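The structure displayed is predicted, hence computed values, not measured ones. Numbers for residues simply follow the sequence, beginning at 1. Side chains included, hydrogens not; waters and symmetry mates left out as well; all remaining heavy atoms used.
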Amino acid sequence: PMHGYPSRWWSRPPGAGTDRMTATVGDAAPGDDAPAGRRVNGDHGVAPADATRLVEQRLREVGREMRRRMLAEVPDAEPHDHLYRLVRSYPSRPGKAIRPALCLATCRAFGGTDDLALGPAVAIEMLHNAFLVHDDVADGSERRRGWPTLPAEYGRGLALNAGDALAILANQVVRRH
């Protein structure tokens with residue numbers, strides 16, 4: 001079995017070498033919605049290099065959108081210098097965006113759209129950033145994503161306040177969505 005699925009779910013298209021894989025619904029099990037033999041991903045398999053490129057491209061797109069939306073959630077208000085500027089720091093830094101991408105993909109897998117999952121995806125990424133701030137305080141880390149950590153640059157107290165504020169802002173996003 002591949003990736004935990006029974007072998008009946010995976011087959012190679014006729015004439016394909018080892019560099020192409022496509023999912024096929026084989027012998028339909030009771031309760032399967034798809035008829036036996038229907039191809040899940042269209043007429044052609046996807047080469048692993050192409051799949052990797054597509055995933056990386058999607059992660060970059062999701063990352064950009066998450067950064068934009070997270071920063072839009074941070075108030076442009078006082079106390080700017082001692083709180084909101086710090087709160088903007090980690091969400092401004094490029095990251096892998098795995099968690100929000102998985103949230104969006106899961107929504108799509110169950111028939112939803114990105115619009116339905118964007119709020120929760122933003123909240124998940126904001127919470128993740130809050131946890132990173134607190135992790136850096138607990139570990140005494142000096143650098144995060146190539147930049148100085150908040151505790152290294154501003155001290156533990158202001159870093160903890162920024163991490164807490166990120167968590168509160170994430171909860172506000174959840175409440176609206």
Visitor: Does the side chain of P94 come within less than 4.5 Å of R67's, by heavy atoms?
Guide: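 R67 vs P94: side chains touch.
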Visitor: Does a side-chain heavy-atom distance below 4.5 Å link L71 with S92?
Guide: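 Answer yes - side chains close enough.
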Visitor: Does this structure show an ion pair linking R68 with E65, if we count only N-O contacts that are shorter than 4.0 Å?
Guide: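 Here R68 pairs with E65 in a salt bridge, since their nearest N and O are under 4.0 Å apart.
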Visitor: With hydrophobic residues grouped by side-chain heavy-atom distances under 4.5 Å, do V74 and M70 end up in a single group?
Guide: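 Yes: a chain of side-chain contacts under 4.5 Å links V74 to M70.
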Visitor: Without placing hydrogens or testing angles, list every side-chain donor-acceptor pair under 3.5 Å for residues 167-176, not counting sequence neighbours.
Guide:
| from | atom 1 | to | atom 2 | distance (Å) |
| --- | --- | --- | --- | --- |
| N171 | ND2 | A167 | O | 3.1 |
| R176 | NH2 | E73 | OE1 | 2.4 |
| R176 | NH2 | E73 | OE2 | 2.9 |

Visitor: Quick one: does V122's side chain get under 4.5 Å of H177's, heavy atoms only?
Guide: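 No, every pair of side-chain atoms sits at 4.5 Å or beyond.
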Visitor: For residues 149-163, tabulate all N or O donor-acceptor pairs below 3.5 Å that involve a side-chain atom, not counting sequence neighbours.
Guide:
| from | atom 1 | to | atom 2 | distance (Å) |
| --- | --- | --- | --- | --- |
| T149 | OG1 | S141 | O | 2.7 |
| T149 | OG1 | A152 | N | 3.2 |
| Y154 | OH | R85 | NH1 | 2.9 |

Visitor: Heavy-atom count around H82 NE2 within 6.0 Å, excluding the residue itself: above 12?
Guide: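 No, NE2 of H82 has 12 or fewer neighbouring heavy atoms, counting only those of other groups under 6.0 Å.
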Visitor: Side chain to side chain contact (heavy atoms under 4.5 Å, CB included) with L116: which residues, sequence neighbours excluded?
Guide: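 Per chain and number, L116 pairs via side chain to side chain contact (heavy atoms under 4.5 Å, CB included) with C107, T113.
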Visitor: Members other than L59 in its cluster, when Ile, Leu, Val, Met, Phe, Trp, Tyr link by side-chain heavy atoms under 4.5 Å?
Guide: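 Once heavy-atom contacts under 4.5 Å are chained together, L59 belongs with V55, I98, L102.
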Visitor: Among all residues two or more places apart in sequence or in another chain, which pass the side-chain hydrogen bond (donor to acceptor under 3.5 Å, both in side chains) test with Q57?
Guide: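 Only E61 meet the side-chain hydrogen bond (donor to acceptor under 3.5 Å, both in side chains) criterion with Q57.
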Visitor: Keeping to residues at least two apart or across chains, list the salt bridge (Lys or Arg N to Asp or Glu O under 4.0 Å) pairs with something in residues 113-136.
Guide: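 Every pair satisfying salt bridge (Lys or Arg N to Asp or Glu O under 4.0 Å) with a residue in residues 113-136: R58-D114, R108-D114, D135-R144, D136-R144.
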Visitor: How far does CG of L104 sit from CZ of R99, to the nearest 0.5 angstrom?
Guide: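 With rounding to 0.5 Å, CG (L104) is 14.0 Å from CZ (R99).
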Visitor: Are L132 and V87 connected in a single hydrophobic cluster, I mean Ile/Leu/Val/Met/Phe/Trp/Tyr linked by side-chain heavy atoms less than 4.5 Å apart?
Guide: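 Per the 4.5 Å side-chain linkage, V87 and L132 are co-clustered.
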